[in-house]
Amino acid sequence: MNDQPSRRPRTQGKSGPQGKSGKPYRRPQKDPVRFLAFEALRAVDERDAYANLVLPPLLRKAREKEGPEQFDARDAAFATELVYGTLRRQGTYDAIVAACIDRPLREVDPPVLDVLNLGVHQLLGTRIPSHAAVSASVELARVVLGDGRAKFVNAVLRKVARDDLDGWLEKVAPPYDEDPEDHLAVVHSHPRWVVSALWDSLGGGRAGIEDLLEADNERPEVTLVARPGRSTADELLDSLDADSVLPGRWSPYAVRLSEGGEPGSLEPVREGRAGVQDEGSQLVAIALANAPLEGRDEKWLDGCAGPGGKAAMLAGLAAERGAVLLAAEKQPHRARLVSQALAGNPGPYQVVAADGTRPPWQPGTFDRVLMDVPCTGLGALRRRPEARWRRRPEDLEGFAPLQRGLLRTALESVRVGGVVGYATCSPHLAETRAVVDDVLKQWGAAELVDARALMPGVPALGDGPDVQLWPHVHGTDAMYLAVIRRTG
Ligand SMILES: C[S@@+](CC[C@H](N)C(=O)[O-])C[C@H]1O[C@@H](n2cnc3c(N)ncnc32)[C@H](O)[C@@H]1O
């Protein structure tokens, strides 16, 4: 349940000509917040847009159109909560709507379903009083769907309003004892195959997986990184508003923003001295930089660098030791983002647009290599509310050859005795251990380093030698890291 203050729709009774019922016809009034939320959901559904990319321009447009007094920061926060909350809880809300209608859900037009789910979220996921949630949703339906379909919305939401979320979950989720995965899928709003995959990787009983799924439904804290050589966490803590910043939990470079806000507008971020970066991602870069190495330590490679979060950190750490980072990225536009992230690095670095499966550099060139490979992103579901509904199990087959190819490149690119970090922001075993096991079986002359020792003070990293971070345990994305030393 979120803590948004209750909001009444901004409807004003404006009378017009008489309607069919004999009542005077009242033109529907557009509530800019709910209208914006609807537009965002439509863009996500119709154009496969990402909510985090679609929202900022819509918010800007609403502020310009309505004026800053009519559409203020609270309105923006409320609209964001409506969009993110509705998308995250879509699985649960679909099940509840399905129980309130007498036809299959797939026969309901997507725009109608969006209005319904927005309404269900206000009824069951916020503190907005039921009558206000229903009337605001019906008003929205009148604006975007027309009066006929608004009646359907009204009828469905009135049924939904008869119970609270717990009551509905008892009715629509199969009992845990009969089908644990289906139960968790409905209660915690994840596709069943995702529940299954996360549970396989996490292991353990019901409590752990429930905590993980719930953590995926929470808004993540915004974490900054003090870029090594350009600022320190203490400097950031001193320079930012003391009431809204906290030190990182694990990374000595991290600062947490307790109030979210717009981190891009903070001076240290604008000047490139700091960046926005999950602490798990920071830990991966630090671990690779600290892996023990005998002999030369001068040339580092980030083979999948875009958009440049880990590369910026590695470049700073490399500069502190007099080493140089080569940041490679296949997509030219993402390579440009890497260049932006690295601009101002205190030491030398290079950025190239290159396909890591056909590398332009000589084999055995590097002392340290990071391969943070493309993956399903199932470890970052908290950040991308729509991602869980878009991903398909078949995606794993698409990534499998690329992930293996890139890890092989990493082993070829590092010198004998050098270290490779293989990382994913997915905990799916098919993208983590299966890739490492397969490639090492073929490669032979390589050994796993105990990566847990490279994250000192971080608890519950698994049985090793690889590490798996978890949102519900560490407060980070579910990043995976295996550290491998090439022995021949
Ligand atoms: C998980 S992201 C890396 C995130 C990055 N390390 C960071 O911390 O900002 C994977 C990146 O690999 C890039 N990529 C995909 N295929 C590639 C290939 N064959 N060679 C190099 N980069 C590739 C993608 O474009 C994407 O930017």
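Remember, it's 1-based here, ligands and their atoms both numbered in the order they're listed.
A cation-pi arrangement is present between R206 and Y176 under the rule of less than 6.0 angstrom and at most 45 degrees off the ring axis.
By the 6.0 Å contact criterion, CG on D463 is open, its count of non-hydrogen atoms from other residues, nucleotides or ligands being 12 or less.
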Let me check something: any side-chain donor-acceptor pairs from residues 324-331 under 3.5 Å, sequence neighbours excluded? List them with distances.
{"from": "E329", "atom 1": "OE1", "to": "G306", "atom 2": "N", "distance (Å)": "2.8"}
{"from": "E329", "atom 1": "OE2", "to": "Q331", "atom 2": "N", "distance (Å)": "3.0"}

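Looking at heavy atoms from C-beta onward, V420 lies out of side-chain contact with F366 at the 4.5 angstrom threshold.
Protein residues having a heavy atom under 4.0 Å from any atom of ligand 1 are G303, C304, A305, G306, P307, G308, G309, K310, E329, K330, Q331, R334, A354, D355, G356, D372, V373, P374, L402, L406, listed by chain and number.
The residues E271 and R273 are annotated as salt-bridged, a charged nitrogen and a carboxylate oxygen being separated by less than 4.0 angstrom.
For the atom pair CG of L87 and CG of N117, the computed distance is 9.0 Å after rounding to the nearest 0.5 Å.
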